[in-house]
Amino acid sequence: MDKKSILIKKIRWERVWIYFYPESYDKTTNIHLSSMSGEKLFALKACEEEKAYRINISNPGNCKMLPVGIYKLQTDDGSDVEIVESPNPKFYNRQFLYFHTERAFRVQFTYKNGFKLRVTDIKLKLGFLKSIKSGIRRTKNDSAKKILKAVYNIEYKLFHRKKAADIHKIKKPNILLMSDQSEEMGTNMIALKKKLISEGYKPKEALRAVTTKHYSFFHWIKTLKQIASADFIFLDDHSQTTDWLTIRGTIITQLWHAGAGFKSTGYSRFGLPASPAPDSGHRQYTYGIAGSIKIRHFFSEVWGINDEQVLPTGMPRLDEFLDKDYMEKTKEKLLTEYPELCKPYVDGQPREKKGHIILFAPTYRGENKKNAYYPFDRLDMRRLYRLCKETDSLFIFKMHPFVTYPAPIPKSYRDRIIDMSGYSNLNDLFYITDLLITDYSSDIYEFSLMKKPMLFFAFDIDAYSKSRGFHRDYRTNVPGKIVESFDDMIDAILNKDFEYEKVEKYIENNFDHVDTHACERVIDWIIRGKPHP
């Protein structure tokens with residue numbers, strides 16, 4: 001059989017993906033990263049839309065980083081894939097920093113004596129004082145973790161009753177609802193907890209805020225016992241504990257709250273500030289959940305796991321959100337508890353909201369919870385108030401929970417501009433909202449199901465893209481009009497220019513199920529082990 005000669009004319013990076021563009025694309029041709037001895041190691045994925053092949057350096061298919069080594073490209077028949085030689089192959093080299101820039105994962109290209117891709121993981125040289133501080137901190141942390149690992153191993157032997165292979169046969173499994181981000185449950189976990197209890201399960205809880213609070217050694221012993229005895233663990237966000245503790249004999253499922261956000265996180269931002277280490281706790285997930293098969297690859301990229309591990313159950317919190325009785329009761333509750341939202345009440349009559357309600361619910365700026373903020377100076381409160389008077393509207397602020405200080409609303413404007421950031425459930429506000437204004441937040445996911453218009457006030461889109469990054473194209477995926485200045489936002493509201501037609505397309509791409517059965521699917525597919533996509 002004749003060997004096929006493949007010539008690559010272009011290489012490009014997209015986050016953690018390397019794209020290779022052949023001169024002549026043929027989807028029947030398979031390309032692999034091979035060892036220098038010719039052993040096929042990792043298959044490149046064909047990308048027909050791009051007429052290219054690509055590979056993810058944070059997960060080439062093994063749910064781990066691309067191993068350190070030297071690789072070449074080969075086809076199935078063993079022929080080498082050649083690269084059109086670039087004047088400067090170093091242009092394609094990348095260095096991904098992690099562990100607070102103490103280490104770097106490097107990917108380097110060379111065309112000398114044929115194309116080669118070299119992967120290294122190196123320790124960077126720090127200044128003298130930084131090295132001492134880093135060493136002290138790491139020694140202290142490593143010592144504590146070593147002790148806690150030993151405690152876990154003892155407790156696992158004492159309290160874990162079944163192997164993972166037998167887990168679905170357990171009639172009364174130990175289910176642990178766990179968070180390292182907050183002492184309060186997220187909305188997905190709350191919904192799942194209610195359903196578990198109604199189905200006769202007795203889930204336990206381990207809710208901590210380990211990034212902002214200190215917990216005693218005895219607290220850790222108790223928590224590790226819960227982890228050791230669990231058959232199923234459900235997380236609602238990144239767990240720092242899983243970064244250093246290898247959990248055995250347990251099915252771990254990530255219920256991450258972002259239905260279909262844009263901002264890059266996890267391995268989608270590998271090498272940027274606050275990115276995970278190569279062997280972070282994300283690698284331990286047995287499953288994650290998403291709303292649709294069409295978008296699960298975004299989630300698998302974030303977690304560094306394979307697409308088939310992300311199950312399109314839908315978001316558990318949607319079960320309650322889409323319940324018609326809950327919807328009506330919540331609207332009545334809001335208008336009763338917040339009389340400033342409704343017209344003067346006539347006894348015995350249904351309460352009516354006062355004019356149109358514009359909900360402003362952007363995400364935070366800053367690296368994390370400790371330094372989160374929102375630049376309120378981008379808003380002109382006087383003009384917002386005038387807009388509300390002209391359009392008979394209320395303008396409601398609902399800031400991200402990480403933003404701890406209130407919106408600076410002058411007292412004279414508070415009959416029309418209201419800060420409801422203290423209200424616990426953002427989704428409840430969607431029932432009475434006529435227009436949502438956001439930016440890069442995942443709150444568009446639920447709101448799209450209300451089939452109401454949205455505006456995207458993305459004044460810092462270029463800077464945000466460079467610093468935070470997106471794991472899906474922002475401009476082509478938002479279900480509404482993007483405005484990049486305050487003046488444009490005001491004009492869009494006055495002219496009712498929302499590009500509303502994008503909402504239906506968004507729903508079609510992001511939801512396999514629009515119903516109240518997401519929790520059932522989580523329990524059936526994960527706990528009961530029933531067949532799933």
Side-chain angles (χ1 to χ4, degrees), residues 179 181-182 185-191 235-238 254-269 274 282 288-292 294-303 310 312-322 359-366 368-369 372 374 398-403 421 423-430 433 436-452 454-458 460-461 464-465 468-480 482 502-503 505-514 518:
S179 174
Q181 297 290 330
S182 174
M185 283 189 182
T187 50
N188 276 338
M189 193 173 282
I190 290 172
L235 305 170
D236 64 357
D237 208 327
H238 173 230
Q254 177 58 259
L255 303 173
W256 189 39
H257 65 280
F262 295 101
K263 58 180 180 251
S264 185
T265 189
Y267 286 104
S268 290
R269 57 182 288 104
H282 295 312
I289 66 168
S292 165
K294 291 181 181 178
I295 64 169
R296 66 179 178 181
H297 62 282
F298 294 118
F299 292 76
S300 62
E301 180 183 307
V302 165
W303 298 324
V310 182
T313 60
M315 295 292 115
R317 63 180 181 266
L318 289 181
D319 289 359
E320 184 175 68
F321 180 69
L322 293 172
L359 179 62
F360 186 72
T363 192
Y364 66 94
R365 304 304 189 273
N368 51 39
K369 186 175 183 178
Y374 186 82
K398 180 68 173 77
M399 304 311 296
H400 191 282
F402 286 6
V403 179
S421 297
Y423 187 80
S424 59
N425 193 341
L426 170 64
N427 290 353
D428 287 355
L429 301 180
F430 292 163
T433 295
L436 172 66
I437 302 176
T438 185
D439 44 21
Y440 320 112
S441 176
S442 62
D443 52 23
I444 60 174
Y445 189 70
E446 283 87 349
F447 191 78
S448 68
L449 296 177
M450 298 288 97
K451 297 186 178 181
K452 298 175 184 177
M454 291 175 252
L455 272 179
F456 293 83
F457 183 38
D460 57 348
I461 183 171
Y464 193 90
S465 178
R468 180 79 198 197
F470 298 113
H471 68 164
R472 60 194 307 194
D473 186 74
Y474 183 76
R475 293 186 184 277
T476 59
N477 281 282
V478 295
I482 298 172
K502 294 180 178 179
V503 174
K505 182 180 178 182
Y506 180 86
I507 295 173
E508 180 183 338
N509 287 334
N510 290 276
F511 295 89
D512 283 352
H513 314 275
V514 181

(request) Heavy atoms only: give me the nearest H238-Q254 pair and the separation to one decimal. (result) N-NE2, 4.1 Å
(request) Look up atom CD in Q181 and atom CG in D236, then write down how far apart they are to the nearest 0.5 Å. (result) 8.0 Å
(request) Answer yes or no: is there a side-chain heavy-atom contact under 4.5 Å between V478 and M454? (result) no
(message) For a quick test of reading the model, state the closest non-hydrogen atom pair linking M399 to S421 and the distance between them.
(response) N-OG, 2.9 Å
(message) For a quick test of reading the model, state the closest non-hydrogen atom pair linking F402 to A372 and the distance between them.
(response) CB-CB, 3.5 Å
(request) Quick one: do F321 and T187 satisfy side chain to side chain contact (heavy atoms under 4.5 Å, CB included)? Show the steps, please. (result) CA-CA 10 Å; F321 180 69; T187 50; over 6 Å; no
(request) Would you please say whether a donor-acceptor pair under 3.5 Å links the side chains of S292 and D512? (result) yes
(request) With sequence neighbours left out, write down each residue that passes salt bridge (charged side-chain N to carboxylate O under 4.0 Å, His left out) with R296, or none if nothing qualifies. (result) none
(request) Indicate yes or no for a side-chain donor-acceptor contact from S268 to the backbone of S264 under 3.5 Å, with no hydrogens or angles considered. (result) no
(request) Specify the closest pair of heavy atoms between A518 and M315, including all atoms of both residues, with the distance to one decimal. (result) CB-O, 3.5 Å
(request) Using side-chain hydrogen bond (donor to acceptor under 3.5 Å, both in side chains) as the criterion, list what pairs up with T476, not counting sequence neighbours. (result) D473
(request) Begin with the C-alpha distance, continue with both residues' side-chain angles, and end with the deciding distance and a verdict on side chain to side chain contact (heavy atoms under 4.5 Å, CB included) for F456 and T438. (result) CA-CA 5 Å; F456 293 83; T438 185; 3.7 Å; yes
(request) Hey, could you give me the CG/CG distance between L455 and L436, rounded to the nearest 0.5 Å? (result) 9.0 Å
(request) Evaluate the side-chain proximity of Y267 to V302: yes if any heavy-atom separation is below 4.5 Å, no if none is. (result) no
(request) May I have the step-by-step check of salt bridge (charged side-chain N to carboxylate O under 4.0 Å, His left out) for R365 and D460, ending in yes or no? (result) CA-CA 10 Å; R365 304 304 189 273; D460 57 348; 2.8 Å; yes
(message) Return the CD1 to OG distance between I190 and S424, rounded to the nearest 0.5 Å.
(response) 8.0 Å
(message) Restricting to non-hydrogen atoms, name the atom on N477 and the atom on Y506 that form the minimum distance, rounded to 0.1 Å.
(response) O-CD1, 3.7 Å
(message) Any non-hydrogen side-chain atom of D439 less than 4.5 Å from a side-chain atom of Y464?
(response) no
(request) Taking all heavy atoms of T433 and all of L429, pick out the closest pair and write down the distance. (result) OG1-O, 2.7 Å
(request) Check whether any side-chain heavy atom of P479 sits under 4.5 Å from a side-chain heavy atom of I444, and report yes or no. (result) yes
(request) Please test Y440 against I461 for side chain to side chain contact (heavy atoms under 4.5 Å, CB included), starting from the C-alpha separation and ending with a verdict. (result) CA-CA 9 Å; Y440 320 112; I461 183 171; 3.9 Å; yes
(message) Contact between S441 and H400 at the side-chain level, heavy atoms closer than 4.5 Å - yes or no?
(response) no
(message) I need the E301 CD to T265 OG1 distance, nearest 0.5 Å.
(response) 11.0 Å
(message) Assess the residue pair L318 and H513 against the criterion (side chain to side chain contact (heavy atoms under 4.5 Å, CB included)); give the C-alpha distance rounded to whole Å, side-chain angles, the decisive distance to 0.1 Å, and a yes or no.
(response) CA-CA 10 Å; L318 289 181; H513 314 275; over 6 Å; no
(request) May I ask you to test the L359-L426 pair for a side-chain heavy-atom distance under 4.5 Å? (result) yes
(request) Measure the shortest side-chain to side-chain distance between D443 and F430 over non-hydrogen atoms and say whether it is less than 4.5 angstrom. (result) yes
(request) Could you pull out all residues at least two apart from K502 that satisfy salt bridge (charged side-chain N to carboxylate O under 4.0 Å, His left out)? (result) E499
